[in-house]
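Encoded as structure tokens, the structure appears first; notes follow it.
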Amino acid sequence: MSKAVRLRVFRGTGNDPTTFRYDTFDVPAEEGMVVLNAIHYVQSRLDSSLTARWNCKAGRCGSCAVEINGTPHLMCKTSLGMYDGEVTVEPMKAFPLIRDLVTDTTASRDTAGAIPPFTPRSVSKRPWLFYQGDVERSRELRKCIECFLCQDACHAIREHAADYIGPRWVAKAASFDMHPMDGSNRSKFLREEGGLEYCNVTKCCQEVCPEHIAITDDAIIPEKERVVDEHYDPLVWIYRKLKKRR
Ligand code: SF4
Ligand code: F3S
Ligand code: FES
């Protein structure tokens, strides 16, 4: 037998606060339903003007990212059964609002172009040979579906949006840096342009990642250590000075 779930859904257009409001909808909830099913029920039976973004319904495309009861989630992977009482669905607050549950992640996506790309180091012998373990480190970071839930969870982005590229892009830089055949170095970029110093390792990004990528442990902390080693280690600093004089 189904029971009704009350959805409280944010509504509004662009940056016009006069349109902002919350609408409530009672949706019959069957076992196994996810929040996206409830949103589709509202669109098809109760209010066709409700705007939401989705594509795969399988946790693969990253497009249904929202906040549910204040926490970043994918609507298609979040069971309604997790919640007692009213369920509040809102757009991600770290991005400009387009309409209702849809936000604009374009500016963040554009950041990707600033990251120094994968640059194969010159090796005379082909094929390239490297250990499986080295491949796994980089591969874990490349599981990202670009949902931007980690960016939404990050307080450093909310406070320093113009200065910090955020966990998604630190993970991307790290995926290149950790590739065994990469010959570039992104620590200067992360320190000077990426604003990595603004991250204070709260791990909120890691906790919300639907791909269970250990963003903080396996990308951010190693990159921070690399920045410290290369730019603040006194021995490395003296070595560089001497090298320049030669
Ligand atoms: Fe989403 Fe995880 Fe990728 Fe962040 S790292 S964008 S949370 S999949
Ligand atoms: Fe933000 Fe994750 Fe650092 S939440 S502060 S990028 S550990
Ligand atoms: Fe693709 Fe949810 S609809 S991740």
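Worth saying up front: this structure is predicted, and the values here are computed from it rather than measured. For reference, positions follow the sequence shown, starting with 1.
Interatomic distance, Asp163 CG to Ile165 CD1, rounded to the nearest 0.5 Å: 11.5 Å. In this structure, Arg11 CZ and Thr51 OG1 are separated by 6.5 Å, a value rounded to the nearest 0.5 Å.
Residues Leu196 and Ile220 have side chains in contact (heavy-atom distance under 4.5 Å, counting atoms from C-beta outward). Within the 4.5 Å cutoff, no side-chain heavy atoms of Glu211 are placed close to those of Arg142.
Among the candidates Lys172, Lys188, Arg137, Arg226, the single residue satisfying the salt bridge (Lys or Arg N to Asp or Glu O under 4.0 Å) test with Asp177 is Arg226. Of the candidates Lys93, Arg158, Arg168, Arg158 is the only one forming a salt bridge (Lys or Arg N to Asp or Glu O under 4.0 Å) with Asp152.
There is a side-chain donor-acceptor pair under 3.5 Å between Asn185 and Glu230. A donor atom on one side chain and an acceptor atom on the other are not found under 3.5 Å apart for Thr19 and Arg99. Between the side chains of Asp182 and Ser184, not a single donor N or O lies within less than 3.5 Å of an accepting N or O.
Counting only distance, with no hydrogens or angles, the side chain of Ser175 and the backbone of Ser138 share no donor-acceptor pair below 3.5 Å. Side-chain N or O atoms of Gln151 include none that pairs as donor or acceptor with a backbone N or O of Ala94 at under 3.5 Å. The backbone N or O of Arg8 lies less than 3.5 Å from no partner atom in the side chain of Glu86, so there is not a single donor-acceptor pair.
Note: the hydrophobic cluster containing Met92 does not contain Val89 (ILVMFWY, side chain heavy atoms under 4.5 Å, direct or indirect links).
Listed here is the closest heavy atom pair of Thr78 and Tyr83: CG2-OH, 3.4 Å.
Val102 shares a hydrophobic cluster with Ile98; the chain of contacts runs through ILVMFWY side chains whose heavy atoms sit under 4.5 Å apart.
With salt bridges taken as basic N to acidic carboxylate O contacts below 4.0 Å, none links Arg191 and Glu223.
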